[in-house]
Q: 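Following this message is one structure expressed as structure tokens.
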Amino acid sequence: MSKKILYRLFLAPAIFLVLMAAPNAYAASIDEKIDKYFAPFSDMFSGIVFTSVDIAGNSIPLVILFLLISSIIATFYFRWIGIWGFKHSLKQIFGKKKKEFNESHNSKCGEVSSFGALATALSGTVGLGNIASVAIAISIGGPGAMFWMGIGAIFGMALKFCEVTLSLKYRRFNADGSVSGGPMFYIAHGLTRKGLRWLGQPLALFFALMCIPGALSGGCMFQANQATKQIINITGGESSIFFVHSWLFGLIIAILVGLVIVGGIKSIANVTSKVVPFMCGLYIVASLIIILTNLTHIPEAIATILQEAFFPKAVTGGIIGCIIVGMRRSIQSNEAGSGSAPIAYAAVKTKEPVSQGFVSLMEPFFDTIIVCSMTAFVIIITGEYLNYREGITGVELTSAAFASVISFFPYILAFVIILFAISTIISWSYYGQKAWGYIFGEGFKRTKTYQIIFCIFVVIGSSMNIQSVIDFTDATLLAMAVPNLIALFILIKEIKSDLIEYCKKHDLICAMNKVWFEDGKQ
């Protein structure tokens, strides 16, 4: 019997035996210890990462500003690749030539399909933020924030293209046939090739050190905590068994997640390829029902969005404030530039890194322009954003917008949130696993140790008050972007050369970028 099968058989009982005696009282004691010992460090680290500047009355963290400026520069440098490369992106996902498909499967050039990697990356980005944070952004920045969210997604496509292309170019094929890739590898090896080993090695290590706690907290504990709260709401509130024993639902999630992640990226991609289309489809259909029910209000809603985008009312900082709120929400939603998704894309079966770079253009588009915009449009077209009041959360605002037409939608929303949370947990387990492997090695025992730790954190997150670690979570996830963006700009000419060769080979030169391509390699 193989090690993987044995691990599947013993994973669930192991987690259960370790955590069956973990009552909520124990979780409360963990809360107290974290607040006492960890909070001061978290506050200090978060304060450094979120160092802010004031722009038109808006306090914006420098790291967010760095991301926004980087996305704009990359967009102009690659001649708005998110627009002219969109058609080719669709072709790569849905219109692969049979010859290319067979070549990929008959050669050792990866582990998963383009769609499988895209689904895994989407499951990591399409989550609670698409429901909750969008509502908060509209409440703060007004309806116009929706417009700038879409613009932010177009800018984010260029960054996503760069990091995914590099991830495949510098990925490593392991002895067991698995693939390891992501910012850790192209930061270290790409910069070493440029004679900057002294810079690349520390930056790669810093990225991995940020990715692990980011996966355990934001990608695991926070998601499990929010999913547990939703299951409590729909199973009786304070009378629910999960209210008294919230760790029990966390245990159920941990077992389900454990059974998926033990199979590696192939198992993860197989699950996300089915879950992501279903959960996104369910949410989009529900959104369209709300929109079509308010069909006569669509012109008014569109006019409001455009007017508020350029002439916002009662928004701090005016149009600048509206732009910042919308584009910040966009960047944080699709995670372009943060370096998380390239870890999943690295396992794609392809011999052309640039081809998957084109595929990744669909991620910001679908995450932000489609899913986030659906949430925003529902809130705006129903007029619920006018009823926003201090104290109501983003999820409650979104739920109220849907409930105004579909009375039972809060139950559907709870189900969608649980799916969003679990799919995000699955994807981030893999991101953290690869960062763990980069630091400690990717042997069987080391990998399984991480997976068990990750599953335990799922249970802990479901039963404790994680407010004390949320700031630290956001800080680690954004801190990942710093070494990633530094490497992207050092290697950007290399990406351009590879793109030019690829476009010449596939006849993708168009009038929009003909002059740029005629310049040749730089």
Q: Check whether any side-chain heavy atom of Cys503 sits under 4.5 Å from a side-chain heavy atom of Trp84, and report yes or no.
A: yes
Q: Can a cation-pi geometry be assigned to Lys169 and Tyr186, taking NZ or CZ under 6.0 Å from the six-membered ring centre and within 45° of the ring axis?
A: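 No, cation not above the ring by the 6.0 Å, 45° rule.
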Q: If every non-hydrogen atom of Ala301 is compared with every non-hydrogen atom of Ile380, which pair is closest and at what distance?
A: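 Distance-wise, the nearest heavy atoms are CB-CG2, 4.3 Å.
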Q: Run the numbers on Leu68 and Phe155 for side-chain contact (heavy atoms from CB on, under 4.5 Å), then give the verdict.
A: CA-CA 8 Å; Leu68 291 176; Phe155 284 128; over 6 Å; no
Q: Minimum heavy-atom separation for Pro143 to Ile305, with atom names?
A: O-CG2, 3.9 Å
Q: Where is the tightest heavy-atom contact between Tyr430 and Val179, given as atom of each residue plus distance?
A: OH-O, 3.7 Å
Q: Looking at NZ of Lys87 and CD of Gln92, how far apart are the two atoms once the value is rounded to the nearest 0.5 Å?
A: 13.0 Å
Q: If I take atom CD from residue Glu163 and atom OG from residue Ser360, how far apart are they, to the nearest 0.5 angstrom?
A: 7.5 Å
Q: For Ala346 versus Ser167, what's the shortest heavy-atom pair and its separation?
A: CB-OG, 3.4 Å
Q: To the nearest 0.5 Å, tell me how far Ile290 CD1 sits from Ile379 CD1.
A: 11.5 Å
Q: Does Phe310 form a ring pair (Phe, Tyr, Trp, His ring centres under 6.0 Å) with Trp148? I'd like the steps, not just the answer.
A: CA-CA 10 Å; Phe310 298 96; Trp148 296 111; 5.6 Å; yes
Q: Quick check: does any side chain N or O of Thr75 sit under 3.5 Å from a backbone N or O of Ala158, one acting as donor and the other as acceptor?
A: no
Q: At their closest point, which heavy atom of Tyr438 faces which heavy atom of Ala208, and how far apart are they?
A: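 In this case the closest contact between Tyr438 and Ala208 is CD2-CB, 4.0 Å.
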Q: Would you find a donor on one side and an acceptor on the other, under 3.5 Å apart, between the side chain of Ser338 and the backbone of Glu335?
A: yes
Q: Just verifying a value: how many Å separate Ile486 CD1 and Ser70 OG, rounded to the nearest 0.5 Å?
A: 9.5 Å
Q: Can the ring centres of Trp80 and Phe86 be said to be less than 6.0 Å apart?
A: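 No, they do not, as the ring centres are separated by 6.0 Å or more.
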Q: Thr375 and Tyr283: side chain to side chain donor-acceptor pair (under 3.5 Å), yes or no, with the steps?
A: CA-CA 9 Å; Thr375 301; Tyr283 188 71; 2.5 Å; yes
Q: Step by step, would you call Gln356 with Thr350 a side chain to side chain donor-acceptor pair (under 3.5 Å)?
A: CA-CA 8 Å; Gln356 197 61 27; Thr350 183; 5.9 Å; no
Q: Is the gap between the ring centers of Phe358 and Tyr502 under 6.0 Å?
A: yes
Q: Quick check: closest heavy atoms across Ala336 and Leu159, and the distance to 0.1 Å?
A: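 Shortest heavy-atom contact: O-CD1, 4.1 Å.
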Q: Determine whether Ile369 and Ile154 make a side-chain contact, defined as any pair of heavy atoms from C-beta on separated by less than 4.5 Å.
A: yes
Q: Does one side chain, of Lys266 or Asn270, offer a donor that lies under 3.5 Å from an acceptor on the other?
A: no
